[in-house]
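What follows is one structure encoded as structure tokens, with my remarks underneath.
Counting starts at 1 for both ligands and their atoms, in listed order. FYI, side chains are in, hydrogens and waters are out, and symmetry mates aren't considered; it's all heavy atoms of this structure. Since this is a predicted model, take the numbers as computed values, not measurements.
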Amino acid sequence: MPVTPRPSIFAVEPYKGGESKIPGVNRIVKLSSNEGAFGPPPSAVAAITEAALGAHRYPDGGATALRTAIGQRFGLDPERIVCGNGSDELLAMLILAYGGEGTELIMSAYGFQMYELTGTWAGCRIIKVPEPNLVTEVDALLAAVGPRTRLMFLANPNNPTGSLMSQAELARLRRELPDNVLLVLDSAYAEYVTDPGYDAGARLVDSSPGNTVMTRTFSKIYGLGGMRLGWAYASPAVVDVLNRVRGPFNLNSAVMAAGIAALSEPGWIEKSVAHNTEWRARLSAGLEAAGIRVQPSQGNFVLADFGSPERAAAADAHLRSRGLIVRAMGGYGLPRCLRITVGTGEECEMVVDALSAFAQGNPATTEAHPVAEAAHG
Ligand SMILES: *Cc1c(COP(=O)(O)O)cnc(C)c1O
């Protein structure tokens with residue numbers, strides 16, 4: 001008899017990250033994983049180097065210094081913060097702790113893929129709520145709730161659509177959700193949001209009866225995706241659960257030092273936000289001028305709609321021929337779209353130039369279908 005894993009394991013589709021190589025092309029511009037435009041903060045690089053000298057010591061399992069720094073930076077109680085090996089680890093711990101066989105996990109149709117992947121691993125039934133206009137609708141989320149629902153995941157802003165749910169709608173969602181459903185607000189792109197009414201989630205966590213969690217990451221604006229660092233802010237009860245299930249040394253010493261340094265890198269957030277706001281608009285406008293529809297985005301990426309999977313694939317091939325790697329969206333059920341990270345100004349201009357040339361040689365054959373069709377197709 002061969003060894004056999006739990007049956008749900010074979011339902012898991014392994015995650016496919018953004019590509020980083022094109023055979024035969026030397027200069028690659030990687031705009032496929034929403035990594036910040038500026039590389040890692042210099043002080044984080046120095047901290048990693050220094051931490052190497054203490055590599056023989058076990059790290060502080062409680063991540064006390066890092067949680068204190070995060071708490072100070074965001075005005076939150078460090079006791080209510082749990083750090084993870086990327087926010088992916090925290091999402092997985094939440095799903096395995098609160099979900100599992102016999103439970104349902106609700107997410108939006110074009111929500112972040114890790115929810116489905118880990119939910120399936122845990123044995124949850126995954127319910128994807130349609131997003132006819134590529135925007136998450138509260139009533140649709142609520143309509144999907146049943147007696148077995150235990151988890152709801154919402155990235156705000158959402159990846160890959162870039163859409164934002166308003167605070168009023170979020171508050172209504174929490175109010176109308178049963179108390180025994182854990183609402184996880186994944187705010188991976190919080191820092192990039194320019195909508196003035198936005199709150200990344202701490203307020204909703206505090207006003208909820210212990211059943212709302214906010215997750216954050218150092219992988220995007222802090223430029224530390226390769227180090228793997230995320231954190232969650234939650235009620236004392238959820239924090240207790242996470243601290244029971246996490247590995248005792250889930251963060252290594254280098255990543256903790258890097259995180260602390262990144263938080264105090266002078267001007268880093270201001271510079272990154274200003275750049276992203278400017279170039280997100282310029283990239284979007286450049287593509288729109290070429291006749292390519294772009295979804296409004298509050299993240300550090302835009303979703304470009306080419307009207308058909310064939311035209312999107314041709315655009316992708318054209319970009320690759322120029323060394324530009326963006327993210328194909330077939331895995332997200334949006335094969336007519338490409339997701340493009342806001343890179344440096346030069347990189348954004350390269351994308352606009354390439355896609356303008358593409359659009360001239362490959363005009364849309366029909367009026368782009370209404371997005372509503374895409375959602376169900
Ligand atoms: C990038 C991203 C994350 C971050 O994951 P890490 O494990 O922290 O790198 C989480 N959620 C969403 C929606 C993302 O796009």
Ligand 1 atoms in contact with [X] (distance to a heavy atom under 4.0 Å):
X	answer
Ala188	2 (C), 3 (C), 10 (C), 11 (N), 12 (C), 14 (C)
Tyr189	1 (C), 14 (C), 15 (O)
Ser219	6 (P), 8 (O), 9 (O)

May I ask you to identify, for [X], whether its side chain, its backbone, both or neither come under 4.0 Å of ligand 1 on a heavy-atom basis?
X	value
Phe218	neither
Asn159	side chain
Lys220	side chain
Ser87	both

Sole candidate of Thr136, Thr161, Asn158 that passes side chain to side chain donor-acceptor pair (under 3.5 Å) when paired with Glu131: Thr136

Could you establish whether Gly86 and ligand 1 come within less than 4.0 Å of each other, counting only heavy atoms on the residue side? yes

Measuring from non-hydrogen atoms of Arg228 to any atom of ligand 1, is the shortest distance under 4.0 Å? yes

Is Lys271 positioned over the aromatic face of Phe38, cation under 6.0 angstrom from the ring centre and no more than 45 degrees off axis? yes

Taking the six-membered ring for Trp, are Tyr189 and Tyr192 parallel (under 30°), tilted (30 to 60°) or perpendicular (over 60°)? tilted

Do the non-hydrogen side-chain atoms of Val239 and Glu79 ever get within less than 4.5 Å of each other? no

State, yes or no, whether a side-chain contact exists between Tyr58 and Pro248 at a heavy-atom distance under 4.5 Å. no

Flag for Asn85-Arg246: side-chain donor and acceptor within less than 3.5 Å: no

SB check Arg80 Asp206 (cutoff 4.0 Å): yes

Considering only protein heavy atoms, which is closest to atom 12 (C) of ligand 1, and at what distance to one decimal place? Asp186 OD2, 3.4 Å

